[in-house]
Structures are given as C-alpha cells and as structure tokens.
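Per chain, numbering begins at 1; letters A, B, ... match sequence-line order.
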Number of protein chains: 2
Amino acid sequence: MRDEADANLSVAAWTKRCYFAGRALMDATLRPYDLGSTQWYVLWHLAHKGPSVQRDLGGALELERATLSGIIATLVRKDLVEQTSSGEDQRQRLLTLTAAGEALWRKLPDLSFIHEAAFGGVDEAELATTIRVLQSATERLQNLLRKD
Amino acid sequence: MRDEADANLSVAAWTKRCYFAGRALMDATLRPYDLGSTQWYVLWHLAHKGPSVQRDLGGALELERATLSGIIATLVRKDLVEQTSSGEDQRQRLLTLTAAGEALWRKLPDLSFIHEAAFGGVDEAELATTIRVLQSATERLQNLLRKD
DNA sequence: TGACATTCGTTTGCTACCTTGCGATTGTTG
DNA sequence: CAACAATCGCAAGGTAGCAAACGAATGTCA
C-alpha cells in the first residue's frame, strides 16, 4: 500500500510487496504446468518426504485444515495426488503422488532461481538481520493475536 | 512453508509468515466492523485524500483494476462508498465516502498499534537494513517478471 | 459401558489476489 | 471524419487464505 514516494515505504509495505513479487514470479513460472504455488509445495513435500497424512502435511506447510482440504481436492481432481483412507485411524487420509503426479514433478523446472534472484549476493549479515527483524515481528504479532 | 526447524527458515518464509501475521491481526481487529483489510485501506485513502477516481486509487493501493472493482462493489453494497460517473471522462468513476462511510470511519480504532507491536523498539539501523534487503529483492523479482 | 470431548476432513461462505476477455468511451492519426 | 488503438471498469473463472459449523471416528473417564 503506497501513500508516499517509493523510497519512504514502511517495512510492512515492503514485506507485502516482496511477498507478492515472489509469489507472482512463482505463479508465472508454474502457469504453463497449470499449477499454483501452494500446489507446488504439496507436490514438493510428497516427492521429497514420501506419502504423508493430510494432517501432518498441513502442519508442515502451515495451512489450515480447510485451506489444505481445497488444495488437495484440486490436486485429486487433476489426478496428481491420491487420497486413501489410511488403515489405522479411519479419520485420517493418506496422501500419495500418483504416477501422473510423479511424471509431472520430474518435468517441472527448478524454482530455486527465484530465491537466488531475490537474495543472491546479499551480505550474509544483512540477511541475518532481516530474518531476525521479521521473525521477531512475526512472533510479537502472533502473541497479540492469541491474547484476543 | 516450513520444512526445517523454525530457526532455519529462509528469508522468504519469514517474509510470508510476517505478512500473514500482520494481515491476520488487522483482519481480527476489523472483524467487529465487518471490514476486510483492503477495504480499510480504501476507506483510509478516501478519508485522508478525499474523493478519488477509481483508476488513481488502484494505482495508489497497487491493485489490479479487476481486484479493486470487486472491493469497491462490496463497499458500495454496504453503503459506505458512492460511485458516480465523474463528469469529464465517461469511462472513469469517482469514489466518495457516503455519510455512513464517514460515520463508520470515525468509529474505527486506530490500527497503528499493529505496526508498533511488530517493529516498535527495533534498532533503526536494523530496520533500515531490512527495508533495503526487501526493497532490492522486490525490484530484482519484478525485473525478472517483466522480462517474460 | 455410556456419555462426553476431541480430532480429522469437508463444506460453506467470506476476503483478496490474479488473468483473460468484453463493452463503452476516448484519443490518435491517416 | 473514419478507422484504429488505448484506457477504464466489469464479469467470469481460478488460486489461496480465513472462520464457523458439521459428521464421522476416536479417546476419555465416571
């Protein structure tokens, strides 16, 4: 949200702009494959960590159950992920890549160029400072949220 | 997106978490007034800068025309904003706060406590570093985006 | 065991972001 | 002036986030 010259934007405004710029580049790269960024994270997790229970995946990706539920539904509709009632607990669903899902994953481009483009070559100390500032802000905000 | 211990999250991950934490606190504060965060920004702009042409507001808030269109439609439905065909250019719409909009704006709590909670007391130099890192990352990402 | 509480996933409905494509208007230029 | 291009707002359709409420399955404890 810009209300002054670009140079005077607040930390908060730059945080938002940076987040959306990265998201946009990720989305643009994935568009030819008809994948959204969060869908990519799900595939990444299943490809690297193997089949997962939906609840655990939600924890790892920090998504609400309701949010993940919709994303998984989309991936199932596209036949990239299979959702089976995993034996033990009949409430839980086990998520597995389908053959089509594995095939697509192998075709996908490496996205690490995005992080590299954004932060490559930046002084290590400055990166560490940035992380510390953002982390402490996040924690303070979440504390305020919990107290309501 | 978390795939390691919290302490090892990347800058990108903290940028996202921080953005969403701030957004969540803002949304929670505005919920009793039945307002979303972007709706608040629109009201803020109209209250402080006076009536605006929709196109200009989109520029100031960095929203696509289509995105703003929906948000304005919501505010019009709630009778907080009036949308008139501003004389000169018959394509443009002039946005004005209604009486109800002004009344609501006066009742809204001050949200500056959020920015204060997040970044208050942080060393000035560290804040400046954070802004510089995020700004340069944003610019580099946007350059890549434009080149596609 | 039976009543109650909790957990997991889904559904519904909302905000907010995007792209694509359209109609209406306006600007430009041969 | 007429044809073409550009601009503005809207509509449709998609992704991704949230809260609230619900059914089914499971856990707990009197």
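The aromatic rings of A/F20 and B/Y19 lie perpendicular to each other, with more than 60° between the two planes, well past the 30° mark.
Other cluster members for B/V53: B/L94, joined by side-chain heavy-atom distances under 4.5 Å among Ile, Leu, Val, Met, Phe, Trp and Tyr.
A/Y41 has its OH atom 15 Å from the C1' atom of D/dT15, to the nearest Å. Computed from coordinates, the A/E64 CD to D/dT15 P distance equals 20 Å when rounded to whole Å. Atom P of nucleotide D/dA16 and atom CG of A/L43 are separated by 11 Å, given to the nearest angstrom. Following rounding to the nearest Å, A/Q142 (CD) and D/dC18 (P) show an atom-to-atom distance of 11 Å. Atom CG of B/L61 is separated from atom C1' of D/dG9 by 17 Å (rounded to the nearest Å).
Side-chain atoms of A/T98 come within 3.5 Å of backbone atoms of A/D79 as a donor-acceptor pair (strictly under, hydrogens ignored). Between the B/T29 side chain and the B/L25 main chain, a donor and an acceptor come within less than 3.5 Å of each other.
Pairs passing the salt bridge (charged side-chain N to carboxylate O under 4.0 Å, His left out) check and including a residue from residues 128-139 of chain A, sequence neighbours excluded, read A/R132-B/E126.
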Between the protein and nucleotides 1-3 of chain C, list every N/O to N/O distance that falls short of 3.5 Å.
none

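When the local axes at the two ends of the helix from C/dT1-D/dA30 to C/dG30-D/dC1 are compared, using 5 base pairs at each end, they differ in direction by 10° after rounding to 10°.
Salt bridge annotation for A/E62-B/K16: absent, with no cationic side-chain nitrogen under 4.0 angstrom from a carboxylate oxygen.
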Contact state string [nucleotides 6-16 of chain C, B base, S sugar-phosphate only, - no protein heavy atom under 4.0 Å]:
-BBBBB---SS
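Applying the side-chain hydrogen bond (donor to acceptor under 3.5 Å, both in side chains) rule to A/D89 yields the partners A/R91; only residues at least two apart in sequence or on another chain are considered.
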